[in-house]
> 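Below are the structure tokens for one structure; questions will follow.
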Amino acid sequence: MSLQDKLAILSDAARYDASCASSGGQRRDSRDGKGLGSTTGAGICHAFTPDGRCVSLLKILMTNFCIYDCAYCVNRVSSNTPRARFSVEEVVTLTIEFYRRNYIEGLFLSSGIIRSPDDTMRDMVRIVRTLREEHDFRGYVHLKTIPGASAELIEEAGRHADRLSVNIELPTEAGLARLAPEKDAGAIRRHMGDIRLRREEAGDRSHRGTPAPRFAPAGQSTQVIVGADGADDATILRQSQRLYGAYGLKRVYYSAFSPIPEPSALLPVKAPPLVREHRLYQADWLMRFYGFEAGEIAEGGDLDLSMDPKLAWALRHRERFPVDVATAPREMLLRVPGFGTRTVERILSARRHRRLRHADLLRMGASLRKAAPFIEAADWHPGALLDSGHLAARLTPAPRQLALF
């Protein structure tokens with residue numbers, strides 16, 4: 001099989017893995033004339049995938065052969081899908097050549113499991129070690145690690161990669177046991193815990209003050225498949241909240257289940273609506289940056305698909321509003337629909353000097369179409385608007401067909 005044919009198969013197989021953002025990497029670059037590649041600055045281009053996602057990494061599987069038979073995976077051992085495998089040298093060559101052609105800023109590498117976790121992880125580590133040590137590649141590298149691989153391999157992987165990740169796969173242990181019985185939820189958690197401990201050790205200094213060797217400076221992430229096992233949004237968000245707290249994750253990615261060829265009878269017939277994935281990302285943002293708890297975002301089990309979760313929360317809790325932008329604490333301002341984190345910081349800074357007016361909030365970047373019913377300002381009070389029975393309809397207008405001309 002030609003390299004081009006392998007690339008077509010293994011890049012297509014990697015599209016189901018959403019966790020490939022490059023934020024948070026160490027700011028390495030080759031602008032000093034040494035080495036090759038960069039994580040920032042000039043020379044970074046982005047490519048758009050057919051589904052509209054903007055990516056700037058060479059995103060491939062090392063192989064889509066796999067010894068596991070996970071019902072939701074197109075690369076499961078029982079799947080009748082075309083198979084391919086890159087050699088270590090082929091992945092290195094592709095990464096270098098794609099970078100030289102200004103297609104990518106780094107590499108996202110995952111793999112099916114061949115023979116054993118150690119055998120698979122050993123080849124993946126060889127790839128990143130060759131890029132770093134033999135080619136002095138300084139671009140971003142995200143490595144998907146294999147639960148069950150030896151501690152020595154994970155340690156070496158973390159020395160060379162910017163970010164490590166391991167997929168939690170499904171939001172519940174019961175779902176994982178039913179759809180992927182060969183995988184062990186406990187082993188996945190232990191693996192994530194080991195990565196966190198190694199990252200913490202890398203932040204320590206010796207008694208002489210010298211830093212410890214770097215280990216995955218961009219942290220670790222994971223991915224949850226949505227809609228394959230029947231778990232509701234509240235369950236998914238509670239799992240994400242536990243993962244952030246217990247393992248210090250940088251991101252949890254949500255991937256809507258996609259129907260695959262020759263599906264198992266255990267899987268749902270239809271894929272969940274993609275807007276559900278979008279709402280979960282919005283809810284995740286509220287947990288990470290706005291002080292919300294998982295239980296209060298999805299109080300009814302599933303998120304309302306017709307509106308963003310912050311607006312849905314505010315409409316359910318109208319007794320908490322309106323809030324006075326002149327006196328409300330930061331925690332409450334962050335809960336106002338239409339107020340982002342930057343807008344709130346601007347409000348807190350400006351209100352020390354003057355009484356804020358409607359025009360001031362507009363100038364600070366607030367979305368007053370959403371915020372107006374929930375706030376008070378020097379020249380604004382929502383009056384009966386907050387208690388209107390048509391407020392939800394007013395704030396979430398029905399979609400309309402756009403004209404091309």
Side-chain angles (χ1 to χ4, degrees), residues 14 16-21 24 61-63 66-70 72-73 75-76 107-129 141-203 212-225 229 236 238-255:
Y16 295 100
D17 204 318
S19 54
C20 64
L61 300 186
M62 186 178 72
T63 181
C66 192
I67 62 175
Y68 293 158
D69 199 26
C70 306
Y72 49 81
C73 183
N75 299 315
R76 66 192 187 279
L107 172 68
F108 174 90
L109 183 64
S110 184
S111 182
I113 312 300
I114 44 174
R115 295 189 299 273
S116 72
D118 269 358
D119 283 328
T120 308
M121 199 72 232
R122 190 174 293 113
D123 283 349
M124 295 174 75
V125 168
R126 279 183 58 207
I127 290 169
V128 292
R129 182 174 63 237
V141 175
H142 181 151
L143 202 61
K144 185 60 63 71
T145 59
I146 313 296
S150 71
E152 292 76 14
L153 288 171
I154 300 304
E155 182 178 0
E156 186 172 6
R159 289 203 307 269
H160 297 301
D162 293 278
R163 176 171 288 183
L164 299 179
S165 60
V166 53
N167 284 354
I168 199 72
E169 306 286 358
L170 294 168
T172 66
E173 290 191 22
L176 191 66
R178 187 167 63 91
L179 298 179
E182 296 155 303
K183 293 187 175 178
D184 180 0
I188 294 172
R189 289 195 300 272
R190 287 192 295 273
H191 186 85
M192 297 172 78
D194 289 343
I195 292 175
R196 176 177 185 169
L197 289 174
R198 291 180 186 277
R199 276 183 40 76
E200 291 174 349
E201 290 170 0
R214 63 187 292 274
F215 185 89
Q220 67 167 319
S221 59
T222 192
Q223 176 171 310
V224 178
I225 299 171
D229 66 344
I236 294 170
R238 283 195 295 267
Q239 173 71 294
S240 297
Q241 187 169 286
R242 284 192 294 269
L243 293 173
Y244 282 125
Y247 305 110
L249 297 188
K250 291 293 185 180
R251 289 290 301 273
V252 175
Y253 292 85
Y254 306 93
S255 179

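Predicted model, so just to flag it, every value in this text is computed and none were measured. Atom set for the values below is all heavy atoms of this structure, side chains included, hydrogens, waters and symmetry mates excluded.
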> Residues in side-chain hydrogen bond (donor to acceptor under 3.5 Å, both in side chains) with Q239, at least two apart?
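side-chain hydrogen bond (donor to acceptor under 3.5 Å, both in side chains) list for Q239, sorted by chain: empty.
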> Enter the distance from E155:CD to E201:CD here, rounded to the nearest 0.5 Å.
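The distance works out to 8.5 Å.
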> Distance check, rounded to the nearest 0.5 Å: E156 atom CD versus R129 atom CZ?
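If we round to the nearest 0.5 Å, E156:CD and R129:CZ are 4.5 Å apart.
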> I'd like to check the side-chain hydrogen bond (donor to acceptor under 3.5 Å, both in side chains) partners of T120; sequence neighbours left out, ordered by chain and number.
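Per chain and number, T120 pairs via side-chain hydrogen bond (donor to acceptor under 3.5 Å, both in side chains) with no residue.
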> Using distance alone, with no hydrogens and no angle criterion, decide if Y253 and S165 have a side-chain donor and acceptor under 3.5 Å apart.
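No pair is found: no donor N or O on one side chain lies under 3.5 Å from an acceptor on the other.
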> Compare all side-chain heavy atoms of P171 with those of D229 and state whether any distance is below 4.5 angstrom.
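Yes, close enough: below the 4.5 Å cut-off.
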> So, for V252 and Y244, which heavy atoms are closest and what is the spacing to 0.1 Å?
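Between these two residues, the closest heavy atoms are N-OH, 3.0 Å.
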> If every non-hydrogen atom of G158 is compared with every non-hydrogen atom of L164, which pair is closest and at what distance?
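Heavy atoms of G158 and L164 come nearest at CA-CD1, 3.9 Å.
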> Tell me, do I114 and M62 make a side-chain contact under 4.5 Å, heavy atoms counted?
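Yes. Closest side-chain heavy atoms under 4.5 Å.
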> Do L170 and Y72 make a side-chain contact, defined as non-hydrogen atoms from C-beta onward lying under 4.5 Å apart?
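Yes, their side chains come closer than 4.5 Å.
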> For the CG atom of L243 and the CZ atom of R238, what is their distance to the nearest 0.5 Å?
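Atom-to-atom, L243:CG and R238:CZ are 13.0 Å apart.
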> Provide the closest heavy-atom pair for A149 versus P117 in the form atom of the first, atom of the second, distance.
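What the structure gives for the nearest pair is N-CB, 3.8 Å.
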> Say you draw a straight line from CE of M124 to CG of D119; how long is it, rounded to the nearest 0.5 Å?
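That separation rounds to 13.0 Å.
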> Would you say that H142 contacts S221 through its side chain, given a criterion of any heavy-atom pair below 4.5 Å between the two side chains?
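With C-beta onward as the side chain, the pair touches.
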> Would you say that L61 contacts N75 through its side chain, given a criterion of any heavy-atom pair below 4.5 Å between the two side chains?
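Yes - at least one pair of side-chain heavy atoms lies under 4.5 Å apart.
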> Go through the steps for I225 and E169 under the test side chain to side chain contact (heavy atoms under 4.5 Å, CB included), then give the verdict.
CA-CA 6 Å; I225 299 171; E169 306 286 358; 4.2 Å; yes
> Where do T222 and Y247 land on the side chain to side chain donor-acceptor pair (under 3.5 Å) test, with the steps shown first?
CA-CA 10 Å; T222 192; Y247 305 110; over 6 Å; no
> Work out which heavy atom in R214 is nearest to a heavy atom in A202; give both atom names and the distance.
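Looking at all heavy atoms of both residues, the shortest contact is C-CB, 4.4 Å.
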> Can you name the nearest heavy-atom pair linking M121 to I146, along with the distance?
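So the two residues come closest at SD-N, 3.5 Å.
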> Closest heavy-atom contact between Q220 and R199?
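Taking Q220 first and R199 second, the nearest heavy atoms are N-CD, 4.5 Å.
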> I need the K183 NZ to I168 CD1 distance, nearest 0.5 Å.
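Spacing of NZ (K183) from CD1 (I168) equals 10.5 Å.
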> Let me check something: any side-chain donor-acceptor pairs from residues 187-197 under 3.5 Å, sequence neighbours excluded? List them with distances.
| residue | atom | partner | partner atom | Å |
| --- | --- | --- | --- | --- |
| R189 | NH1 | E173 | OE2 | 2.6 |
| R189 | NH2 | E173 | OE2 | 3.1 |
| H191 | NE2 | T145 | OG1 | 2.8 |
| R196 | NE | E200 | OE2 | 2.9 |
| R196 | NH1 | G245 | O | 3.1 |
| R196 | NH1 | A246 | O | 2.6 |

> Any chance you could lay out the side chain to side chain contact (heavy atoms under 4.5 Å, CB included) test for H160 and I127, step after step, and finish with the verdict?
CA-CA 10 Å; H160 297 301; I127 290 169; over 6 Å; no
> Could you go through the side chain to side chain contact (heavy atoms under 4.5 Å, CB included) check for S111 and T63 one step at a time?
CA-CA 5 Å; S111 182; T63 181; 3.4 Å; yes
> Is there a side-chain contact between D118 and E152 in this structure, where contact means two heavy atoms from C-beta onward sitting under 4.5 Å apart?
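A side-chain contact under 4.5 Å is absent here.
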